[in-house]
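Just so it is clear: chains get the letters A, B, ... in the order the sequence lines come, proteins before strands, and each one is counted from 1.
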Number of protein chains: 2
Amino acid sequence: MQRAPFNAAVSMDVTPPMDAKTYTHDEVGAMLRDHGINPTAQRVEIARELFSRKGHFSAEDVFSLVNNEQAQVSKATVYNTLGLFAERGLIRQLIVDPTKVFYDPNMTPHYHFYDVVTGKLTDINAEAVRITGLPPLPAGAQMEGVDVIVRMRRPNIEAG
Amino acid sequence: MQRAPFNAAVSMDVTPPMDAKTYTHDEVGAMLRDHGINPTAQRVEIARELFSRKGHFSAEDVFSLVNNEQAQVSKATVYNTLGLFAERGLIRQLIVDPTKVFYDPNMTPHYHFYDVVTGKLTDINAEAVRITGLPPLPAGAQMEGVDVIVRMRRPNIEAG
DNA sequence: CTTAATGCAAAGGCTTTGCAGAGAC
DNA sequence: GTCTCTGCAAAGCCTTTGCATTAAG
């Protein structure tokens, strides 16, 4: 009866989307400062990878991307930096895979398709989507955001 | 600059909701069989706790509930059983807290408020909610479900 | 007797943390 | 010189797994 293991979650869209743009150090430096973040070398490196690619990244993904040539940023710093970025509203945390957190540099309103087999995330532009009939928040509560995750499965993926 | 630790996620609504009902062994036994699950003593115990309370439970919550008098179910069995129940569609897995998975015995269509400070989940009845404008699924993909999580924060919770 | 389920303890994976060393002003 | 950041290694937490034991028919 063994239950299936948690999803593989291959993640990391290496393919840059159409709006990909390589940010300069100065550009991301300004973005960091705008969010009250001291733009150190490591933080700038991480932000450059995130914003130049615009995908969905696990901490491990970011670690690899930043260190693909020579080691430049430690794992601890990657984790701390991603947490800091999310806290300051520079990127978004995605809680959708039970085994790890993903980070999304796309801060425009959008939702996600989630392939439960591969763990792959795909954006859904929120502009066309309307959600009506949600009850009011509990008294005094402040909205942080609405996450919509459309979980789906692609059948008959060849087993080899 | 230290980032805040992950949410406390106290979880576990001990208060049974209005539709609470204490299920008998036979009743949950039938539910398990209906889902192709062999109703062993441990599985029945776990299912009784889940369905009689109807909250949102971490594996740890379930472990405590089932073993509050004398130890009856091991942690491994709790994990395996919750995974099995979810796989067979008896309960639902909620991926909403970055630190752990919650399980929800409420299988009627519904969404969730998530208090990002306390980690507490509250149901949103899906009947009144309409979501329109979602793009079609990728070709060949099969919908598994739509999760909506309204993240919110209650300000000014007394610090002591 | 054979198959399935349980439980313990160990292993595994992701993330955080303590603390020393390096860097910035 | 002081304050901040980084990085290593260790610790922590949740979850899964291996395997021997027990239960079920």
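The side-chain heavy atoms of A:I149 and B:I149, taken from C-beta on, include a pair separated by under 4.5 Å. Proximity of A:V148 to B:D147: side-chain heavy atoms (C-beta onward) are nowhere separated by under 4.5 Å. B:R43 places none of its side-chain heavy atoms less than 4.5 Å from the side chain of B:V73. You'll find the side chain of B:V150 stays beyond 4.5 Å of the side chain of B:H112, heavy atoms only.
As rounded to whole Å, 14 Å separates atom C1' of D:dC5 from atom CG of A:L32. The CZ-P distance, from B:F85 to C:dA5, rounds to 12 Å in whole Å. As a whole-Å value, the separation of A:I95 CD1 from C:dC14 P is 15 Å. Regarding B:K100, its NZ atom lies at a distance of 17 Å from the C1' atom of D:dT16, rounded to whole Å. D:dC13 atom P lies 15 Å from atom CG of B:D97, rounded to whole Å. To the nearest angstrom, C1' of D:dT15 lies 15 Å from CG of B:D61. If you take CG of A:L84 and C1' of C:dT15, they are 16 Å apart, rounded to a whole angstrom. Rounded to an integer number of Å, the gap from B:I37 CD1 to D:dA24 P is 18 Å.
The pair A:D115-A:R154 counts as a salt bridge, with a side-chain nitrogen and a carboxylate oxygen less than 4.0 angstrom apart.
Checking B:K54, B:E60, B:R53 one by one against B:F57, the side chain to side chain contact (heavy atoms under 4.5 Å, CB included) holds for a single residue, B:R53.
The shortest distance between the side-chain N/O atoms of B:Y79 and the OP1/OP2 oxygens of D:dT16 is not below 4.0 Å. A sub-4.0 Å separation between OP1 or OP2 of D:dA23 and a side-chain N or O of B:T40 is absent.
If you find the closest nucleotide of DNA chain D to B:A41 and to B:E60, the one lying nearer the 5' end belongs to B:E60.
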Distances under 3.5 Å between protein N/O atoms and the N/O atoms of nucleotides 7-12 of chain D, please, pair by pair.
from  : atom 1 : to    : atom 2 : distance (Å)
D:dG7 : OP1    : A:Q42 : NE2    : 3.4
D:dG7 : OP1    : A:Q72 : O      : 3.1
D:dG7 : OP2    : A:S74 : N      : 3.0
D:dG7 : OP2    : A:S74 : OG     : 3.4
D:dG7 : OP2    : A:T77 : OG1    : 3.0

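A cation-pi arrangement is absent between B:K75 and B:Y79 under the rule of less than 6.0 angstrom and at most 45 degrees off the ring axis.
Minimum atom distance to the side chain of B:V101 is reached by D:dT15, of the listed D:dT15, D:dT4, C:dC14.
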